[in-house]
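Inspection log for the structure reproduced underneath, given as structure tokens.
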Amino acid sequence: MGFPQKAIEAKDLWIAVLLKKASIQRNYTQLHFNRALQQEGEASFEYELAMPYGMVYFEARISHLPDNKQILGIVRDITERHKSSEIIRQHAYFDTLTLLPNRFLALDRLSQMLNEAERNNECAAVFFIDLDDFKKVNDSLGHEVGDKLLIAAANRLNSAIRKEDTVGRLGGDEFIVLIRDIKSDHDASIIADALLNIFREPLRIDGRELILTLSIGISMYPQNGDNASELLRNSDIAMYQAKALGRNAYSFFTKEMNVTMLRRFEIEEQMHGALERNEFEVYYQPLLDVKTKKIIGAEALLRWHNHSLGHITPDEFIPIAEHTGLIIPIGQFVIQQALSFLTYWQQVTQNKYVMAVNLSPSQFRDKELFNFVKNILRDENLTANSLELEITEGVLMTGQSYIAETLMQFDLLGVKLSMDDFGTGYSSLSYLRQYAFDVLKIDRSFINGITLNDEDRNLVKAAIAMAHSLGLAVVAEGVEMHGQLLLLEELGCDFAQGFYFSKPVPAEQFITLSKNYKLDEP
Ligand code: C2E
Ligand code: CA
Ligand code: CA
């Protein structure tokens, strides 16, 4: 192949310039040139220059135009593009906050680890780690502190494992640790203990000392699964068990856990779309005046009937709805149903009643809660004091300011606030003083015992006296027997609710019940 003299000169000159400036090998450039010349077309390649201010990247396109006996070279600075693709790669594989491998990369490494373990006939362990009460920290101290805490936790986890093992962030406050070539469950428990141990030392964030604890779920290869998704799922299940043990603990996966968790997963799965499929229904249980034995209102209690799971009790599905966030639309459904039912009930009976609706802590995360309720009250033409919101101490213990603000807004609007399940938690007086409660609901576990033992009777008596001194009305829940009602009347309890009067029933049945209500007293 002969080159016209001019072209060869141009080519050599160009290579010389490149090589002088670039710290690249001559062969590399030469190779691309030759290729372009042979192909009689275009060849492109990238090269990098180490400049005093950092790396610079170029792309060279070389075209051989044989007809015109020319070589055309275009050199472009692609440093920016290079940076972006590096950023994209980082984004694709690494968590931007903690710089740990992200879920995608961590799961890829898990698969690699399993391949290797299979080849070498070794065991391996997957640790699913969740930071305890991280949400509380995040909500009370703010996201910035939360982020710093995540970074500090990631560093600490990283410092505790061997080089050949992996720590990844699965998302939120969930991490994964992959331990290769492990000899036994015992070895895994030593590592788990070590991880719990290194968190005993407080983390220092912005001059504050914060104690963070972990819940760890462990699944072992090959006993607990032979693929990445199974091992991940089983370690997740075991982590839930560690939480149930009271946190700051680890737990190995067992087959029995699968049964409880499968149900949990199934409930979670079925709950998506349950509202749209009209599977929820609000039942009503009457609230009675202890003195007059007349119905003064009702508590709205949610029921769920699902085609594949049957009836699921609220005690089982409400916590799951809170966990998934579905409690927000479901809770709105309850409020909407209960208040339009109240309007209807008042119209057909020409009476005024109060409707009690339960609110979960996570419903307060919905910034629209207050406006949502206010608009429905307006649309249904109801006075604010015909709605009573039942909350538990758990709501207040989180100490979040937006909860206090929302409660204050409700109070100013005239909505009544009721402290539910009193006696089961801390039963702190300060909450009753601090927030504008109107009603105290004594938990049914105490009502149960009032005719049987002195302790329960004394507690109920004290609670009534205290509530009255603070200007609160008292509701006794779970009244099942005439004797309990008599005693409650004697103790000065204001209202009562329970199977003795009626179980919670569907709307239509409730209307019939309330129209002809007459308590059969023995
Ligand atoms: P809760 O607020 O303490 O509701 C009272 C529970 O006691 C209801 O159970 C009711 O059926 C039951 N009950 C009433 N009288 C008696 C009685 O005399 N004896 C006995 N043994 N039980 C009685 P349910 O309907 O299964 O609800 C359980 C819990 O689920 C409720 O406890 C409440 O915390 C929650 N829940 C129910 N509906 C909703 C809702 O719409 N939203 C939210 N956030 N939570 C709800
Ligand atoms: Ca309640
Ligand atoms: Ca209750």
Side-chain angles (χ1 to χ4, degrees), residues 103-104 106-107 110 126-136 138-139 169-176 214-219 224-225 227-247 249 251-283 301-337 358-366 369 392 394-395 398:
R103 187 181 190 92
F104 181 78
L107 295 188
L110 171 56
V126 178
F127 286 33
F128 195 111
I129 299 180
D130 189 284
L131 308 182
D132 296 329
D133 297 319
F134 177 74
K135 273 201 187 70
K136 266 189 210 161
N138 215 28
D139 286 341
R169 182 174 176 214
L170 294 173
D173 58 347
E174 291 175 348
F175 296 86
I176 190 172
L214 315 175
S215 293
I216 308 175
I218 306 169
S219 66
N224 304 143
N227 61 67
S229 63
E230 201 178 350
L231 285 163
L232 179 72
R233 201 195 63 199
N234 291 345
S235 60
D236 188 4
I237 290 173
M239 189 279 292
Y240 269 95
Q241 183 64 27
K243 289 259 186 228
L245 287 176
R247 289 135 199 257
S251 190
F252 282 91
F253 172 77
T254 63
K255 288 211 176 69
E256 296 71 53
M257 284 177 194
N258 235 344
V259 180
T260 10
M261 287 312 289
L262 277 180
R263 172 143 178 108
R264 205 194 145 98
F265 287 146
E266 201 170 352
I267 289 179
E268 221 178 285
E269 198 180 313
Q270 288 296 330
M271 205 182 287
H272 287 279
L275 264 180
E276 292 75 11
R277 294 190 301 267
N278 283 318
E279 295 177 358
F280 290 110
E281 185 177 0
V282 180
Y283 276 36
L301 292 159
L302 187 58
R303 295 294 175 260
W304 181 22
H305 184 80
N306 176 266
H307 58 95
S308 72
L309 293 166
H311 286 286
I312 309 110
T313 66
D315 284 327
E316 193 174 12
F317 74 76
I318 296 277
I320 299 175
E322 290 188 26
H323 183 77
T324 58
L326 283 170
I327 191 68
I328 293 184
I330 294 172
Q332 289 179 342
F333 167 82
V334 175
I335 296 166
Q336 172 72 68
Q337 290 286 309
N358 294 285
L359 277 190
S360 303
S362 39
Q363 289 180 262
F364 285 89
R365 287 176 186 273
D366 175 14
L369 176 70
T392 58
V395 173
T398 53

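Just so you know, these numbers use all the heavy atoms, side chains as well, and skip hydrogens, waters and symmetry mates. Since the model is a prediction, treat every value here as computed from it, not as a measurement. All residue numbers in this chain count up from 1 along the given sequence.
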Report task. Only pairs at least two apart or in different chains count here, so list each salt bridge (Lys or Arg N to Asp or Glu O under 4.0 Å) that has a residue in residues 314-323. Result -> Arg263-Glu316
Report summary line: Tightest non-hydrogen contact, residues Ala238 and Met257, listed as CA-SD, 3.7 Å
**Report entry** By salt bridge (charged side-chain N to carboxylate O under 4.0 Å, His left out) - contacts of Arg365 (at least two apart)
**Finding:** Asp139
Report task. Starting from the C-alpha separation in whole Å, work towards a yes-or-no answer on side chain to side chain contact (heavy atoms under 4.5 Å, CB included) for His323 and Arg264. Result -> CA-CA 11 Å; His323 183 77; Arg264 205 194 145 98; 3.5 Å; yes
Query - CA sep, side-chain torsions, deciding dist, call: Ile267, Trp304, side chain to side chain contact (heavy atoms under 4.5 Å, CB included) - result: CA-CA 11 Å; Ile267 289 179; Trp304 181 22; 3.8 Å; yes
**Report entry** Flag side-chain contact, heavy atom, 4.5 Å: Ser219 against Glu230
**Finding:** no
Report task. For Ser235, enumerate each residue passing the side chain to side chain donor-acceptor pair (under 3.5 Å) test, keeping only those at least two apart in sequence or located in another chain. Result -> none
Report summary line: Here the gap from Thr254 atom OG1 to Gln241 atom CD, rounded to the nearest 0.5 Å, amounts to 7.0 Å
Query - From Ser362 atom OG to Lys135 atom NZ, the distance as rounded to the nearest 0.5 Å - result: 9.5 Å
**Report entry** Atom pair CD (Glu269) and OG1 (Thr324), whose distance is rounded to the nearest 0.5 Å
**Finding:** 12.5 Å
Query raised in the report: By side chain to side chain donor-acceptor pair (under 3.5 Å), which residues pair with Asp236, not counting sequence neighbours?
Result: none
Query raised in the report: Atom CZ in Phe265, atom CD1 in Ile320: separation rounded to 0.5 Å?
Result: 10.0 Å
Query - Sub-4.5 Å side-chain heavy-atom contact between Asn138 and Asp173 - result: no
Requested in this report: Please report the shortest heavy-atom distance between Ala106 and Ile176, naming the atom on each side.
Outcome: CB-CG2, 3.8 Å
Query - Phe127 to Ile218 - nearest heavy-atom pair and separation - result: CE1-CG2, 3.9 Å
Requested in this report: Can you sort out the partners of Tyr283 under side chain to side chain donor-acceptor pair (under 3.5 Å), two or more places apart, ordered by chain and number?
Outcome: none
Report summary line: Of all heavy-atom pairs linking Leu369 and Gln363, the shortest is CD2-O, 3.9 Å
Query - Qualifying residues under side chain to side chain contact (heavy atoms under 4.5 Å, CB included), relative to Thr260, sequence neighbours excluded - result: none
Query raised in the report: Residues two or more places apart in sequence or in another chain: which of them pass side chain to side chain contact (heavy atoms under 4.5 Å, CB included) with Gln337?
Result: Val282, Tyr284, Phe333
Query raised in the report: Given Asp366 and Gln332, is the side-chain hydrogen bond (donor to acceptor under 3.5 Å, both in side chains) satisfied, shown in steps?
Result: CA-CA 10 Å; Asp366 175 14; Gln332 289 179 342; 3.3 Å; yes
Query raised in the report: Where do Ala249 and Ala242 come nearest, in terms of heavy atoms and distance?
Result: O-CB, 3.5 Å
Requested in this report: Quick one: list whatever passes side chain to side chain donor-acceptor pair (under 3.5 Å) with Arg247, sequence neighbours left out.
Outcome: Asp133
Query raised in the report: Which residues pass the side chain to side chain contact (heavy atoms under 4.5 Å, CB included) test with Pro329, sequence neighbours left out?
Result: Leu275, Leu326
Query raised in the report: How many angstroms lie between atom CZ of Phe253 and atom OH of Tyr240, to the nearest 0.5 angstrom?
Result: 14.5 Å
Query raised in the report: How about Asn358 and Leu301: do any of their side-chain heavy atoms sit closer than 4.5 Å?
Result: yes
Report task. With sequence neighbours left out, write down each residue that passes salt bridge (charged side-chain N to carboxylate O under 4.0 Å, His left out) with Asp130, or none if nothing qualifies. Result -> Lys243
Requested in this report: Apply side chain to side chain contact (heavy atoms under 4.5 Å, CB included) to Asn234 and Asn258, showing your working.
Outcome: CA-CA 8 Å; Asn234 291 345; Asn258 235 344; 4.3 Å; yes
Report task. Only pairs at least two apart or in different chains count here, so list each salt bridge (Lys or Arg N to Asp or Glu O under 4.0 Å) that has a residue in residues 305-314. Result -> none
Requested in this report: Quick one: do Met239 and Ile129 satisfy side chain to side chain contact (heavy atoms under 4.5 Å, CB included)? Show the steps, please.
Outcome: CA-CA 7 Å; Met239 189 279 292; Ile129 299 180; over 6 Å; no
Requested in this report: Kindly assign one of parallel, tilted or perpendicular to the pair Phe280 and Phe317, based on the angle between their ring planes and the thresholds 30° and 60°.
Outcome: tilted
Query - ring pair (Phe, Tyr, Trp, His ring centres under 6.0 Å) partners for His311, two or more places apart - result: His305
Query raised in the report: Below 4.5 Å, heavy atoms only, C-beta onward: do Leu170 and Phe175 meet side chain to side chain?
Result: no
Report task. Would you give the length of the straight line joining atom CG of Leu359 to atom OG1 of Thr392, rounded to the nearest 0.5 angstrom? Result -> 10.0 Å
Query raised in the report: How far apart are the closest heavy atoms of Gln270 and Arg277, and which atoms are they?
Result: O-NH2, 2.8 Å
